[in-house]
Amino acid sequence: MTLYRGTFIDTPESPFAGAGLRVDSDAGLLVEDGLIVARGPYLQIREAHPAEQVVDLRDGVVLPGFVDTHVHFPQIRAVGGLGLPLLEWLDRYALPEEARMADVSYATGVAQEFVRGLAAAGTTSALVFGAHYADAVDALFNAASEVGLRVTSGLVLSDRLLRPELLTTPVRAYAESLALANRWHNVGRNRYAVTPRFSLSCTDDLLATCRDLMDAIPGALFTSHVNENEAEIATVADLFGGSDYVTTYDRHGLVDRRTVLAHNVHPTDVELKTLATSGATVAHCPTSNAALGSGLFPLTRHLQYGVRVALGSDVGAGTGFSLLKEGLQAYFCQQLLGDQGRPLTAAHLLYLATTAGAEALDLPRVGHLSVGQYFDAQLLRPAEGSPLSVAITHAEDTDEALARIFTLGTPADIQAVWLNGDLLH
Ligand code: GUN
Ligand code: ZN
């Protein structure tokens with residue numbers, strides 16, 4: 001067993017329901033086989049466990065590992081393609097790079113960069129949009145397994161309106177997805193997600209196949225995109241006889257508690273109601289929404305209807321792996337909405353980046369640092385004299401310090417990352 005000594009900050013309960021940050025200064029967390037088995041004032045835990053090895057983390061603050069609920073592994077080399085809206089951006093930047101995943105050695109290199117990039121940003125669990133090629137998805141799961149990251153991912157499916165080399169058929173989609181799930185679902189920390197790209201690029205036949213896959217892979221998640229961009233939404237309505245976007249998935253039984261839909265910047269009230277009653281989660285991807293000019297996320301309306309919301313980096317339309325940056329951008333977005341916006345505190349941002357994501361991904365032992373949870377954690381320790389270090393020193397309380405971490409923090413400030421109690425970084 002290992003006893004970690006330090007300041008631990010987390011959000012086991014939702015600040016949207018009135019809870020505050022949980023802050024334990026000079027606390028002890030005892031970890032055995034990756035699980036937190038005791039927690040309390042350091043001296044008290046030490047007294048009860050005098051022989052255990054102590055890891056002293058008092059020169060920083062410890063947060064739970066982040067949970068990224070929407071990130072595209074084949075797009076990391078396409079980050080920073082600025083200046084275009086969604087559909088043009090896909091054609092110009094994202095899809096040419098995704099076509100390169102046909103080369104498995106190229107995909108393997110990208111997968112390794114991807115998992116290292118996530119871990120270095122403090123992300124320990126992620127729902128990952130895979131590639132359109134099964135061998136590339138194998139490469140991702142292999143890379144995640146080597147690092148020990150908790151990855152849920154799957155073969156990306158499309159059968160229309162993308163460049164031809166990215167298209168499949170319902171029959172092939174079924175066979176390849178199931179074969180991947182048989183290799184990876186619930187193997188180690190990996191799980192499978194049925195992943196149609198978006199209903200714009202999927203026929204009803206392919207979406208029906210996705211439902212068949214959900215039945216064939218017990219415990220799989222379902223993930224896709226929804227209501228991101230006005231032109232995209234108009235095209236989807238044309239393709240599906242005027243249907244709203246959520247219904248294109250819901251009519252195939254694809255919207256329930258195991259569903260994570262990215263963006264939802266422009267939902268109707270009917271769609272919000274469907275998302276709320278089904279228990280689906282919306283992955284809010286604020287830097288992507290800003291970079292592509294998709295719009296300002298209506299968080300207030302999601303909360304009013306009771307739709308579950310978590311954070312996604314949406315790399316490569318998003319601007320990087322850091323959920324600190326996504327949290328800050330989520331805050332900016334609500335500020336820009338003025339009266340319509342939901343003012344967010346640092347506690348809200350941490351919750352969205354951790355516990356909310358873990359709930360969305362159905363990872364009950366992830367997201368906070370209570371007894372019984374995995375020790376998935378990160379140590380924030382900015383370089384001495386750096387603007388963040390100075391700002392933290394002058395913060396009046398922990399809420400203020402955490403707000404400064406979200407404002408100024410980058411992956412360079414993350415000194416260590418643990419997954420299941422194993423030191424990664
Ligand atoms: N909609 C369909 N594919 C994508 C993608 O790769 N990124 C984003 N942001 N939206 C999408
Ligand atoms: Zn996306």
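First listed ligand is number 1; within each ligand, the first listed atom is number 1. Because the structure is predicted, anything quoted here is derived from the model rather than measured.
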*Assign the ring pair Y4 / W418 to parallel, tilted or perpendicular, where the plane angle (0 to 90°) is split at 30° and 60°.*
perpendicular
*Quick check: are there more than 12 heavy atoms from other residues, nucleotides or ligands sitting under 6.0 Å from CD of E165?*
yes
_Quick check on side chain to side chain contact (heavy atoms under 4.5 Å, CB included): which of V309, L272, T281 does N264 satisfy it with?_
L272
_Test side chain to side chain contact (heavy atoms under 4.5 Å, CB included) on S145 and W184; report intermediate values, then the result._
CA-CA 10 Å; S145 305; W184 295 108; 3.6 Å; yes
*Quick check: does any side chain N or O of S224 sit under 3.5 Å from a backbone N or O of R197, one acting as donor and the other as acceptor?*
yes
_Steps toward ring-ring contact (aromatic ring centres under 6.0 Å, His included) verdict (F114, F321)_ = CA-CA 9 Å; F114 176 80; F321 286 122; 5.6 Å; yes
*side chain to side chain donor-acceptor pair (under 3.5 Å) contacts touching residues 388-403 (sequence neighbours left out)*: E400-R404
*Can you list the protein N, O or S atoms less than 2.8 Å from the Zn ion (ligand 2)?*
H70 NE2, H72 NE2, H225 NE2, D314 OD1
*Flag the pair D215 and R211 as a salt bridge only when some basic side-chain nitrogen lies within less than 4.0 angstrom of an acidic carboxylate oxygen.*
yes
Residues 348-357, side-chain donor-acceptor partners within the protein, below 3.5 Å, at least two apart:
unit_1, atom_1, unit_2, atom_2, d
H348, ND1, T345, N, 2.9
H348, ND1, T345, OG1, 3.0
T354, OG1, T11, OG1, 3.4
T354, OG1, L350, O, 2.6
T355, OG1, T11, O, 2.7
T355, OG1, T11, OG1, 3.4
T355, OG1, G367, O, 3.3

I'd like the atom pairs linking ligand 1 to the protein - N or O on both sides, separation under 3.5 Å - with distances to 0.1 Å.
unit_1, atom_1, unit_2, atom_2, d
ligand 1, 3 (N), R197, NE, 2.9
ligand 1, 6 (O), Q75, NE2, 2.8
ligand 1, 6 (O), R197, NH2, 2.6
ligand 1, 9 (N), E228, OE2, 2.9
ligand 1, 9 (N), H263, NE2, 3.4
ligand 1, 9 (N), D314, OD2, 2.8
ligand 1, 10 (N), E228, OE1, 2.7
ligand 1, 10 (N), E228, OE2, 3.4

